[in-house]
Amino acid sequence: MNRFDWLSELLARFQDEHILLYKGSAVVLAPAHTLNVDSEDWASCAAQTKKYRCRFSALWAQQLDDELQLNACYEKQGDYLVLRTKIPLDKPLIHSITPHYANADRPERHCHDMFGIEFKKQPDNRRWSRHKAWQANQYPLRKDFPVAGFNTGLTPPDNDYPFLSVQGSGVYEIPVGPVHAGIIEPGHFRFQAVGEMVLNLEQHLGYVHKGIEKIAEGRDAHRVVKLAARVSGDSCVSHAWASCLAMEKAALCQVPPRAVWLRALMAERERVANHLGDIGAIANDVAFGFFFYQFGRLRETWQRLSQALFGHRLMMDCLVLGGVTQDINQQQIDEILRQIKMLRKEWRELKTVFNENTSLEDRLETTGILSPDYAQRLGCVGYVGRASGQDFDVRRDLAYAPYNKLQVKSPCYNRGDVAARTLVRLNEIQSSLDLIEQICQNLPTGEIQTPWQTPKAGAEGLGFIDGWRGEIVVYVRFAEDNKIDRFFPRDPSWLTWPALEHLIRGNIVPDFPVCNKSVNGSYSGHDL
Amino acid sequence: MLKILTKVIKTGVVTEKFERNADLERFGIEIKTLVDKQFAGSLSIRAVDVGSCNGCELEIHALNNPYYNIERFGVHFVASPRHADALLVTGVVSRHMETALLRVYEATPAPKFIIAMGDCAVNGGEFGVSYASCGAVGNVINVDVAIPRCPPPPLAVMQAILQFLKT
Ligand code: SF4
């Protein structure tokens, strides 16, 4: 299969629909292909890409002088297409693509709250990222909005978000959050239930909106990499990697092969650490403490080796522009391989317990089902998608370096229940261990960093990485003097949070924690 | 069941490993004595994320893994501020969480103390003050103890609790 062998057919379909295409480019945002279109054709393009079974991946805007540029990223067979259009800043009006792609709903509402873009025929025009920290007629990502210093006094609670309401005898509401009962990030969940059964769940997120996109602007690129690592701390390696990739593309920087392989080593270690922790936590939510302590123990030993190897338990700030900060020697490689051998043995024992334990089976199977059909419509990625038949893995399908030289086995199931999501993660641990072994055995020699060259103002880049939650997309555009003009990190959680609203329906309220944990969306990564 | 029991027996008590780690044991025991004195044998902590990146939360979770097992010193994480003696606050205070933090603070019965965990909570970290963030926790409520680093490792969190209780 050749890269982009589908693109000419899609372009022909665009032409059949009389969609005017302007000069595109295969290099500006490589590996993605960019196409410029008229704003009037924005929604009809989406209708065509949808028909042609392209998956919606990301949507972002940016202000370029007195215009707003809108970007929509679609994916098919591991190839990415970015459609771009411009609308005037004083009349920012465009047709919504949500009628074609349900998962463009929240990204569009985010664009509205941050830029003031009006999306015509958007089925849900409620605010999303804005609570009460700024007014409805203020748009933080516009260039004339000050990054700080304009709010005074206490920010009132967001107590009038227009939730969907359900009526009928015996129906009641359960408001949960923003502060939850466990050690977990804040967000609000509004349940409508009858007896124990959940009729509907609505999420209201945005509580940990820290202005990441805005504060990155005007910051030095090196510091924005640090900021990227903190978009979602559990994914600090993969987010930093995606941002580095985007910036390195903009600067035409060639990262030494050894550094690229070390990045992958860290990313796989991050994946294993998170899966270990979450499998324990999922089990804990159904009162199976044995797994909680066993997997917690394994995660701790894993994190300790990360500390010994890279000087940080989460490997934060180990990626920098042009490479990585830490090299490893043969002795450390042996240690990594030794730990993998031990972990494999323990994994087999625990996997047998997982397979045979009837109480786990009882609680996890048929709980929180996300059908492959829904997963496809919502464009779910990562383990949420792969537990529901969406066989997509950026490492395998885009095959960015070094995965183009590695054998990526990506487990996929169709059942879509909590058990399937747990199983994907159990098996991903195995395939990550395989990958780490391959990396250790084939680690190229050479430098781990190359000097950074400041790109010229206006240079832009796009980075795609498969984080442990799934596909991460990062867009950057440079200003003068190595400063960042626009930073847009798209966490995979944008595509999996909506799945939770669907898969919880018809389940009992007490199963919500385990369903939530099995999806484990990032609040911070989503709220930005 | 047999497999579980075998695994439990084979694993043994990993917490014991730290008997050789003088620091943790010493600090741990000190925590226990001090907690005993001030909070009658149990210190209830409510973790509140007001704008963290979730990195700090991961390390709070680690406190409950068998290696640190903070519960053995009478330190518990509770589900409501109403049950708490201390708040362990992570993250910069996002403006969207400002009122929530104040409400949690008010809901916590006195005597209470506030621990700011992580660079964000201590000094604003990489996020600082902006249209969306009030910055450090100290900008919103009084902080009694600060645990810097990003994120502070579990051992540092235990040590900090101890230091605070000493004063
Ligand atoms: S201190 Fe570091 S780990 Fe903790 S919330 Fe802030 S950025 Fe995340």
Side-chain angles (χ1 to χ4, degrees), chain A residues 131-134 140 145-151 154-158 178-179 181-186 206-212 214-215 223 226-227 229-234 236 277 281 290 293-294 296-297 299-300 303 307 313-314 316-317 349-350 352-353 356-357 522-525 527, chain B residues 1 3-4 6-8 10-11 14 46-69 77-81 88 90-92 94-104 120 125-135 140 150-151 153-154:
Chain A
H131 291 193
K132 298 279 171 82
W134 66 95
F145 186 94
V147 63
F150 91 102
N151 8 24
L154 181 70
T155 309
D158 191 16
V179 178
I183 303 166
I184 180 171
E185 303 177 81
Y207 285 91
V208 283
H209 176 72
K210 299 180 280 291
I212 289 177
K214 183 75 177 181
I215 60 176
R223 266 196 76 199
K226 294 186 90 173
L227 188 63
R230 287 154 181 84
V231 164
S232 183
D234 46 39
C236 55
F290 168 71
Y293 291 108
Q294 291 289 343
R297 176 177 63 82
R299 180 185 157 99
E300 179 65 23
Q303 273 190 281
Q307 165 79 40
R313 286 163 57 89
L314 304 174
M316 220 172 227
D317 301 331
E349 292 168 352
L350 296 172
T352 319
V353 174
E356 293 175 1
N357 189 281
S522 166
Y523 298 71
S524 180
D527 295 354
Chain B
M1 199 61 209
K3 284 195 179 104
I4 296 178
T6 322
K7 183 75 186 157
V8 168
K10 249 186 12 203
T11 310
V14 291
R46 169 69 239 196
V48 196
D49 171 352
V50 289
S52 138
C53 76
N54 202 30
C56 280
E57 277 58 43
L58 291 178
E59 296 300 47
I60 302 178
H61 281 295
L63 289 173
N64 282 324
N65 79 32
Y67 278 87
Y68 303 102
N69 186 17
F77 287 91
V78 291
S80 163
L88 181 63
T90 57
V92 283
S94 79
R95 294 198 190 263
H96 292 171
M97 280 301 285
E98 196 180 353
T99 302
L101 175 61
L102 289 168
R103 287 185 180 173
V104 167
C120 289
E126 287 296 317
F127 302 108
V129 177
S130 73
Y131 77 94
S133 155
C134 309
V140 179
C150 177

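Chain letters run A, B, ... following the sequence lines, proteins first and then strands; every chain starts at 1.
- Contacts of A/K210 with chain B are made by both backbone and side-chain atoms, with heavy-atom separations under 4.5 Å.
- Minimum interatomic distance between A/P178 and B/M97 (heavy atoms only, all atoms of both residues): CB-SD, 3.9 Å.
- Nearest heavy-atom pair, A/P156 versus A/K132, reported as atom, atom and distance to 0.1 Å: O-CB, 3.5 Å.
- Comparing A/V208, A/I184, A/T155 by how many heavy-atom pairs each has under 4.5 Å with chain B, the most go to A/T155.
- A 4.5 Å side-chain heavy-atom check between B/E59 and A/Q303 finds at least one atom pair inside the cut-off.
- Using a 4.5 Å cut-off between heavy atoms, A/L314 contacts chain B through its side chain alone, with no backbone atom that close.
- In this structure, A/D158 and B/H96 have side chains that are not in contact, with every pair of non-hydrogen atoms separated by 4.5 Å or more.
- For A/I212, the part lying near chain B is the side chain, with the backbone staying farther off; criterion is any non-hydrogen pair under 4.5 Å.
- Only the side chain of A/F145 comes within contact range of chain B, with heavy atoms under 4.5 Å apart.
- Nearest heavy-atom pair across A/R299 and A/G277 is CD-CA, 3.8 Å.
- A/E349 touches chain B through its side chain: at least one heavy atom from C-beta onward sits under 4.5 Å away, while N, CA, C and O do not.
- By the salt bridge (charged side-chain N to carboxylate O under 4.0 Å, His left out) test, A/E356 is found to be paired with B/K3, residues two or more places apart in sequence or in another chain being considered.
- With ring centers used as reference points, B/Y131 lies under 6.0 Å from A/H209.
- For A/D234, the parts lying near chain B are the backbone and the side chain together; criterion is any non-hydrogen pair under 4.5 Å.
- For B/V129, the part sitting under 4.5 Å from any heavy atom of chain A is the backbone (N, CA, C, O) and nothing else.
- Shown here for A/K214 and A/P140, the closest heavy-atom pair between the two residues is NZ-O, 2.9 Å.
- For B/V78, the part lying near chain A is the backbone, with the side chain staying farther off; criterion is any non-hydrogen pair under 4.5 Å.
- The side-chain heavy atoms of B/I4 and A/N357, taken from C-beta on, include a pair separated by under 4.5 Å.
- A/T352 touches chain B through its side chain: at least one heavy atom from C-beta onward sits under 4.5 Å away, while N, CA, C and O do not.
- Between chain B and the options A/P157, A/G296, A/A229, the largest number of non-hydrogen pairs under 4.5 Å is found for A/P157.
- Looking at A/R223, the atoms closer than 4.5 Å to chain B (heavy atoms on both sides) sit in the backbone and in the side chain alike.
- By the neighbour-count criterion of 12 heavy atoms within 6.0 Å, atom CZ of A/F290 is densely surrounded, having more than that number from other residues, nucleotides or ligands.
- Only the backbone of B/S52 comes within contact range of chain A, with at least one heavy atom under 4.5 Å from a heavy atom of that chain.
- Of the listed residues (A/L154, A/L350, A/I215), the greatest number of heavy-atom pairs within a distance under 4.5 Å of chain B belongs to A/L154.
- Per-residue heavy-atom pair counts under 4.5 Å with chain B were compared for A/S232, A/A181, A/S524, and the maximum is reached by A/A181.
- Counting heavy atoms from C-beta on, the side chains of B/R95 and A/W134 never come closer than 4.5 Å.
- The contact between B/F77 and chain A is made entirely by side chain atoms (from C-beta outward), counting heavy-atom distances below 4.5 Å.
- Residue B/C150 touches chain A through both its backbone and its side chain, counting heavy-atom pairs closer than 4.5 Å.
- Using a 4.5 Å cut-off between heavy atoms, A/Q307 does not touch chain B at all.
- B/P151 touches chain A through backbone and side chain together, each having a heavy atom under 4.5 Å away.
- Heavy atoms of A/Y207 lying under 4.5 Å from chain B belong to its backbone as well as its side chain.
- Residues B/R46 and A/V179 have side chains in contact (heavy-atom distance under 4.5 Å, counting atoms from C-beta outward).
- The salt bridge (charged side-chain N to carboxylate O under 4.0 Å, His left out) check on A/R230 picks up A/D317, with sequence neighbours excluded.
- For B/L102, the part lying near chain A is the side chain, with the backbone staying farther off; criterion is any non-hydrogen pair under 4.5 Å.
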